[in-house]
Number of protein chains: 2
Amino acid sequence: MTNMASGNTIAQVASLIGDAARANMLAALMGGQALTAGELARHAGVTAATASGHLAKLADAELLAVEKQGRHRYYRLATAEIAHAIHALMAVAAAGPKRHHPVGPRDEALRLARTCYDHMAGRLAIAVADSLHVGGHVTLSDGAGLVTEEGWRFLRSFGIALEPDAGTRRPLCRTCLDWSERRPHLAGRLGTALLDRVLDLGWVARQPETRALRITRAGEAGFTATFGLPASWWIAPQRHPGPAA
Amino acid sequence: MTNMASGNTIAQVASLIGDAARANMLAALMGGQALTAGELARHAGVTAATASGHLAKLADAELLAVEKQGRHRYYRLATAEIAHAIHALMAVAAAGPKRHHPVGPRDEALRLARTCYDHMAGRLAIAVADSLHVGGHVTLSDGAGLVTEEGWRFLRSFGIALEPDAGTRRPLCRTCLDWSERRPHLAGRLGTALLDRVLDLGWVARQPETRALRITRAGEAGFTATFGLPASWWIAPQRHPGPAA
DNA sequence: CCGACGCTTCGGCTCCGGCCGAAACAACCG
DNA sequence: CGGTTGTTTCGGCCGGAGCCGAAGCGTCGG
């Protein structure tokens with residue numbers, strides 16, 4: 001209860017993340033949805049009692065925000081910066097010397113399409129980013145993103161209207177290095193808007209208990225028509241699309 | 001038991017960073033220079049024996065790279081990704097609302113100009129970024145950076161020649177949110193090139209035992225002439241330059 | 001009301017991991 | 001060659017933190 005949020009040091013933050021149970025909880029929350037204490041306990045593989053302690057610490061340090069709803073308590077990552085830090089740690093962790101990953105079907109679904117806090121990731125997200133890039137709608141050069149005039153028109157026609165300079169300081173269009181594919185996808189406010197829009201259109205659907213996104217029939221048609229993914233893409237999503245491009 | 005593989009590895013990395021002594025060492029290495037075990041021990045405030053253990057762990061996990069030189073062992077951050085992760089953690093740790101820091105003269109020097117792994121940070125770096133921005137040499141909109149045609153010419157005349165698409169995947173021009181000032185400065189390959197160039201020109205000099213950069217006489221003249229900093233800047237560097245300016 | 005359920009608090013156990021001093025290596029320096 | 005300095009290894013101490021079961025609160029539902 002001792003809210004010491006103002007005096008956090010880097011070591012304190014890192015050591016909060018640096019416990020297996022808590023890291024699993026945080027990773028689960030990277031899906032962007034708020035989860036209950038019980039769900040998080042299951043994700044972490046500990047009892048409710050243990051999980052409660054962990055969650056109290058994380059909330060106390062303001063890494064998590066909590067919302068009471070009836071007899072449930074919903075936890076979510078408190079800020080986008082925290083998601084960013086966890087993402088950066090994932091990148092470091094995944095960078096290890098060629099851990100040959102035993103890829104299960106479960107991982108396969110995650111690699112295809114998943115949420116990354118508030119935007120899409122995985123092969124689908126990369127394909128969308130590539131499509132916008134080669135279409136001249138955004139420039140992805142240099143790991144940074146910038147929407148072109150043409151791009152604004154295209155996005156509006158797709159149902160996305162962002163104010164170029166909404167009051168927020170939050171970057172409009174960032175690129176985010178994909179954890180599984182090692183290629184950039186779109187993040188920032190644009191990334192959020194894209195995810196919202198394709199969820200709205202019913203092109204993808206969130207899956208319970210996982211960060212994976214299911215691509216619907218409508219989605220297959222929609223992504224093909226709007227972002228020009230070849231029909232073959234849906235049959236044999238290339239294992240390693242190759243950075244060549 | 002959801003993908004606990006990723007969680008576990010994250011936890012390992014984070015818990016390595018999540019110790020006060022190790023975090024201090026890593027923070028010291030954010031200056032971008034390699035340091036000896038003894039120097040790092042002093043930075044961490046522990047004995048050589050303790051430091052040695054910590055360094056062995058960090059090197060073992062490949063967060064640090066080590067180089068033997070005579071009877072010294074020089075440690076440095078192993079990759080830019082690791083620097084990035086630490087930076088992200090710093091951002092989270094510093095995010096606590098406005099605890100007014102008791103600013104010592106030491107901090108003051110750091111706020112004025114310092115290195116951030118491989119590029120400049122602090123008020124000087126922000127002034128340079130602002131200058132390049134208002135001069136139309138780079139666009140900083142949206143937290144992303146992009147060099148203009150005009151910008152390339154300017155940089156060449158300043159002695160910086162970067163290949164637009166060198167083989168590396170590393171972003172050419174990123175922006176990095178300044179830890180102390182909360183405004184963006186230039187990172188990426190361009191940021192590195194700028195730091196190298198101003199060190200080469202003798203405009204700034206590294207200080208021993210700290211990340212601070214000392215601005216030389218030549219530097220004052222140079223920055224004023226090339227980046228149009230007003231003479232008043234050197235006398236009373238404004239506390240909060242304000243984004244408008 | 002009363003039971004079921006979700007979550008937290010409490011008490012106690014265990015063990016991991018940081019810390020140090022002393023001693024062992026290793027490299028340079030007379 | 002010893003002596004000095006930088007670094008690692010060893011052994012032992014100790015505190016902190018994670019874990020659980022049981023019990024205590026709230027909240028929902030009948």
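Per chain, numbering begins at 1; letters A, B, ... match sequence-line order. In this text, all values refer to a predicted model and were calculated from it rather than measured experimentally.
As a whole-Å value, the separation of B:Asn24 CG from C:dG18 P is 14 Å. Atoms CG (A:Leu35) and C1' (C:dC7) sit 16 Å apart, rounded to a whole Å. For the pair A:Arg42 CZ and C:dC7 C1', the interatomic distance rounds to 13 Å; values are reported in whole Å. Rounding to whole angstrom units, CZ of residue A:Arg22 and P of D:dC19 are separated by 8 Å. The distance between atom CG of B:Asp19 and atom C1' of C:dC16, rounded to the nearest whole Å, is 13 Å. Per the geometry, CE belonging to A:Met25 stands 11 Å off P belonging to C:dC7, to the nearest Å. Atom CD in B:Glu39 sits roughly 10 Å away from atom P in D:dG6 (whole-Å rounding).
Applying the side chain to side chain donor-acceptor pair (under 3.5 Å) test to A:Thr47 and every residue at least two apart in sequence or in another chain returns A:Thr50.
Non-hydrogen atoms lying under 4.0 Å from DNA chain C are contributed by B:Val46, B:Thr47, B:Ala49, B:Thr50, B:His54, B:Lys57, all within residues 46-59 of chain B. Less than 4.0 Å separates DNA chain C from at least one heavy atom of each of the following residues of residues 63-72 of chain A: A:Arg71, A:His72.
Checked by atom type and distance alone, the side chain of A:Arg114 never pairs as donor or acceptor with a backbone atom of A:Ala121 at under 3.5 Å. With hydrogens and angles ignored, the 3.5 Å screen pairs no side-chain donor or acceptor of B:Ser15 with any backbone N or O of B:Gly18. Side-chain N or O atoms of A:Asp60 include none that pairs as donor or acceptor with a backbone N or O of A:Ala56 at under 3.5 Å. With hydrogens and angles disregarded, no donor-acceptor distance shorter than 3.5 Å links the side chain of A:Arg73 to the backbone of A:Val66. A:Arg197 places a side-chain N or O within 3.5 Å of a backbone atom of A:Phe158 that can act as its donor or acceptor partner.
In summary, the side chains of A:Thr36 and A:Glu39 do present a donor paired with an acceptor at a separation below 3.5 Å, with no hydrogens or angles considered. For the residue pair A:His84/B:His84, the side-chain donor-acceptor check at 3.5 Å is satisfied.
Contact annotation for A:Tyr75: backbone-only contact, meaning every heavy-atom pair under 4.0 Å involves sugar-phosphate atoms and none involves a base.
Between A:Arg73 and the phosphate of C:dT8, there is a side-chain N or O to OP1/OP2 separation shorter than 4.0 Å.
Residue A:His185 comes nearest to A:Gly122 through the heavy atom pair ND1-N, 4.5 Å, listed as atom of the first residue, atom of the second, then distance.
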